[in-house]
Amino acid sequence: MRFIDEYRDREAALRYARLIAKITTRPWTIMEVCGGQTHAIVRFGIDELLPPGVTLVHGPGCPVCVTPVELIDKAIAIALMPGVIFCSFGDMLRVPGTRGDLFSVKARGGDVRIVYSPLDAVQLAARHPDREVVFFAVGFETTAPANALAVLQAHRMGLKNFSMLVAHVLVPPAMEAILQSPNNRVQGFLAAGHVCTVMGYREYEPIAKKYRVPIVVTGFEPLDLLQGLYMCIRQLEEGRYEVENQYTRSVRRQGNEAAQQHIREVFEIVPRKWRGIGELPQSGLGLRAPYRAYDAERKFGVVTHTAEEASECIAGEVLQGAKKPTECPAFGTRCTPEHPLGAPMVSSEGACAAYYRYRRFTEKQVSTP
C-alpha cells in the first residue's frame with residue numbers, strides 16, 4: 001500500500017499525543033464505531049498515548065460481530081440442505097450459532113465456499129444451473145453497493161438459482177441506540193471512515209445536534225486516529241457538537257451517490273436484530289419487493305427461525321462499550337479464537353479478537369463472580 005508510512009510516523013504520533021494532552025482539561029469518554037479502528041487502537045497502543053482522563057470504548061462497528069445468532073443458525077440450516085452451494089466471506093465461517101458454525105457444516109459434507117465478492121457467487125450460479133447458490137450478505141453500508149450489484153446482475157442474467165441471506169445493518173441507528181441508553185457514557189464518536197466513503201456524513205449531523213455529541217469521521221491508521229481524537233476532544237473542550245471530517249482523502253459529505261442509488265434500488269430499510277443488543281427499528285436493509293425472489297430466508301422457509309444467545313457471552317456489553325473484553329470471565333480461557341463463545345472473539349474486526357491477539361498477556365483480566 002502506498003502512502004502508509006506517513007500515517008504511522010512515530011514522531012508525528014507523539015506530537016499529536018502531546019497536543020491532545022495540552023488541550024484536555026477534564027475526563028472524556030469517546031467511542032470508535034468501527035472494528036477496524038478498534039484493532040488499530042489496540043495494535044498500536046493509541047489509547048496508551050492518551051492522557052489518563054481520556055477513555056476509549058469500543059462500539060458495535062464489526063458487522064460480523066453484530067449478526068444475530070439466529071441468522072447464523074439460518075445460514076447453517078440452508079447450507080445443510082441438499083443441492084445448495086453456500087457462499088460467504090471467510091470471516092463468517094467460524095462465527096458460532098447454537099448448532100456449530102459453517103466450518104462444521106463443511107466438515108459434515110455441506111458445500112460451503114469462501115468467495116471474495118458476491119459476484120463470484122453469481123458466476124457460480126450461472127455455471128451450476130442445477131444447484132441453488134446462496135450468498136451470505138453481511139456488512140454495514142460499506143458492502144451494500146456490491147451486494148446490490150450482484151442482485152441486479154443475477155436479475156439481468158435471469159438466474160433463478162441465486163439468492164442472498166441478507167444481514168445488512170446501518171450505523172446511525174446503532175449510534176442513536178447507544179446514546180439513548182440510560183447507562184450511556186459516550187461523549188463523542190469517531191465515525192467509521194469506510195462507511196462514510198459510501199454514505200457520506202450528512203445523516204450524522206442531526207444526531208450530533210440532537211444528542212449534543214461531536215462526531216468525527218476518522219480513518220484507520222495511527223495518525224488518523226490521533227488526529228480524529230484531537231478534533232473530537234477539541235470540540236468537547238470548546239462545547240461544540242458538530243460533524244467533522246478527518247478522513248478527507250477518502251470521504252466527502254455527500255458520499256458516493258452512485259453507490260447509494262444502487263442500494264436504494266435493491267434494498268429497503270427494515271428493522272434488524274443485533275447480536276447482544278436486540279432489535280433496533282429501521283437499522284437494517286432488506287430486499288425490496290421487485291427482488292424478493294432473491295431472498296434466501298423466504299426461498300428456503302427459514303424466516304420464522306429464532307435462537308438465543310449464549311448466556312455466558314457478554315458480547316452485547318462489549319459491543320455497546322459498557323465493558324472491555326478482559327472483563328469477561330471466559331476471555332482467553334473458555335472463549336478463544338479456536339473455541340469462541342461469541343462473534344467478537346472470532347471476527348477479524350472483533351474487539352475480543354483484538355485484545356486476545358495484542359493484549360492478552362499485558363491486560364489484567366477482571367474476575368467477576
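Heavy atoms only: backbone and side chains are in, while hydrogens, waters and symmetry mates are out.
Nearest heavy atoms, Ala351 versus Val318: CB-CG1, 4.0 Å. In terms of heavy atoms, Gly286 sits closest to Val270 at N-CG2, 3.7 Å. For the pair Gly332 and Met345, the tightest heavy-atom approach, listed with the atom from each and the gap, is N-CE, 4.3 Å. Here the closest heavy-atom approach between residue Tyr204 and residue Ile215 is recorded as O-CD1, 3.7 Å. Residues Leu280 and Pro173 share a closest heavy-atom pair of CD1-O, 4.3 Å. Contact detail for Leu71 and Ala167: the closest heavy-atom pair is CD1-CB, 3.5 Å.
Here His262 contributes atom NE2 and Asn147 contributes atom CG; the two are 12.5 Å apart, rounded to the nearest 0.5 Å. If you take CZ on Arg275 and CG on Leu319, they are separated by 9.0 Å, rounding to the nearest 0.5 Å. How far CD of Gln37 is from CG of Leu56: 10.5 Å, rounded to the nearest 0.5 Å. The line from CZ of Arg26 to CD1 of Ile233 is 12.0 Å long, rounded to the nearest 0.5 Å. With rounding to the nearest 0.5 angstrom, the CZ atom of Phe189 is 4.5 Å from the CE atom of Met175. The NE2 atom of His58 sits 12.5 Å away from atom SG of Cys34, with the distance rounded to the nearest 0.5 Å.
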Review point. ring-ring contact (aromatic ring centres under 6.0 Å, His included) between Tyr355 and His39: does it pass, once the steps are laid out?
Key: CA-CA 8 Å; Tyr355 275 72; His39 271 252; 9.3 Å; no
Verdict with supporting geometry, Val138 and Thr143, side chain to side chain contact (heavy atoms under 4.5 Å, CB included): CA-CA 8 Å; Val138 174; Thr143 57; over 6 Å; no
Test salt bridge (Lys or Arg N to Asp or Glu O under 4.0 Å) on Lys324 and Glu317; report intermediate values, then the result.
CA-CA 8 Å; Lys324 294 288 182 75; Glu317 293 170 282; over 6 Å; no
Worked check of salt bridge (Lys or Arg N to Asp or Glu O under 4.0 Å) between Glu132 and Lys299
CA-CA 10 Å; Glu132 288 286 344; Lys299 190 171 191 176; 2.8 Å; yes
Evaluate Arg113 against Phe86 for side chain to side chain contact (heavy atoms under 4.5 Å, CB included), listing each step before the verdict. CA-CA 6 Å; Arg113 306 189 189 186; Phe86 194 91; over 6 Å; no
Glu176 and Tyr211: CA distance, side-chain angles, deciding distance, side chain to side chain contact (heavy atoms under 4.5 Å, CB included) verdict
CA-CA 9 Å; Glu176 287 210 69; Tyr211 297 97; 2.7 Å; yes
* Check step by step if side chain to side chain contact (heavy atoms under 4.5 Å, CB included) holds for Ser104 and Leu102. => CA-CA 5 Å; Ser104 66; Leu102 287 168; over 6 Å; no
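A donor-acceptor contact under 3.5 angstrom links the side chains of Glu244 and Gln235, judged on distance only. Side-chain contact check for Tyr201 and Gln254: no donor-acceptor pair (N or O, by modelled atom type) lies under 3.5 Å. Side chain to side chain, Asn161 and His128 fail the donor-acceptor criterion of an N or O pair below 3.5 Å. Side-chain contact annotation: Thr25 with Glu237, donor-acceptor N/O pair under 3.5 Å present. No donor-acceptor contact under 3.5 angstrom links the side chains of Thr218 and Gln246, judged on distance only.
With hydrogens and angles ignored, the 3.5 Å screen pairs a side-chain donor or acceptor of Lys74 with a backbone N or O of Val303. Side chain of Asp73 to main chain of Gly97: no donor-acceptor pair is present (N/O by atom type, distance under 3.5 Å, no hydrogens or angles). Remark: side-chain polar atoms of Arg94 are not paired, donor with acceptor, to backbone N or O of Asp101 under 3.5 angstrom. A donor-acceptor pair under 3.5 Å is formed between the side chain of Asp120 and the backbone N or O of Ser117. For Thr67 (side chain) and Pro63 (main-chain N/O), a donor-acceptor pair under 3.5 Å exists by modelled atom type. Checking side-chain atoms of Lys273 against main-chain N and O of Pro68 turns up no donor-acceptor pair under 3.5 Å. The main-chain N or O of Gly321 is found under 3.5 Å from a side-chain atom of Arg185 such that the two form a donor-acceptor pair. For the pair Gln260 (side chain) and Val198 (backbone), a donor-acceptor distance under 3.5 Å is present. At distances below 3.5 Å, at least one donor-acceptor pair connects side-chain atoms of Thr24 with backbone N or O atoms of Ile20. When atom types are taken as modelled, the side chain of Gln187 and the backbone of Thr29 share a donor-acceptor pair closer than 3.5 angstrom.
Proximity of Met157 to Phe162: side-chain heavy atoms (C-beta onward) are nowhere separated by under 4.5 Å. Residues Leu223 and Arg15 have side chains not in contact (no heavy-atom distance under 4.5 Å, counting atoms from C-beta outward). With a 4.5 Å cut-off on side-chain heavy atoms, Glu312 and Arg334 count as touching. In this structure, Arg131 and Leu124 have side chains that are not in contact, with every pair of non-hydrogen atoms separated by 4.5 Å or more. Counting only heavy atoms from C-beta outward, the side chains of Val186 and Val57 approach each other to under 4.5 Å. Residues Val169 and Ser283 form no side-chain contact, since every pair of their non-hydrogen atoms from C-beta on lies 4.5 Å or further apart. Taking 4.5 Å as the limit, some side-chain heavy atom of Ile178 sits within range of a side-chain heavy atom of Pro60. In this structure, the side chains of Thr336 and Tyr356 come closer than 4.5 Å at one or more pairs of heavy atoms.
Between His194 and Phe220, the angle of the ring planes lies from 30° to 60°, which puts this pair in the tilted group. Between Trp274 and Phe140, the ring planes are tilted. Angles from 30° to 60° get that label.
Other residues, nucleotides and ligands contribute only 12 or fewer heavy atoms inside 6.0 Å of the CZ atom of Arg357.
The hydrophobic clustering, which links ILVMFWY residues whose side-chain heavy atoms are closer than 4.5 Å, places Tyr230 and Tyr241 apart. Both Leu225 and Phe44 are assigned to one and the same hydrophobic cluster, defined by single-linkage of ILVMFWY side chains at heavy-atom distances under 4.5 Å. Leu179 and Val171 fall within the same hydrophobic cluster, where Ile, Leu, Val, Met, Phe, Trp and Tyr residues are linked whenever their side-chain heavy atoms come under 4.5 Å apart, directly or through other members.
Taking a cutoff of 4.0 Å between a charged side-chain nitrogen and a carboxylate oxygen, Arg8 and Glu221 qualify as a salt bridge. In this structure, Asp295 does not pair ionically with Arg288, as no charged nitrogen and carboxylate oxygen lie closer than 4.0 Å.
A side-chain contact (heavy atoms from CB on, under 4.5 Å) with Leu190 holds for exactly one of Asp224, Ile30, Val217; it is Ile30.
Under the 6.0 Å distance and 45° angle rule, Arg252 does not count as a cation-pi partner of Tyr247.
Every residue meeting the salt bridge (Lys or Arg N to Asp or Glu O under 4.0 Å) condition with Arg292, not counting sequence neighbours, appears here in chain and number order: Glu268.
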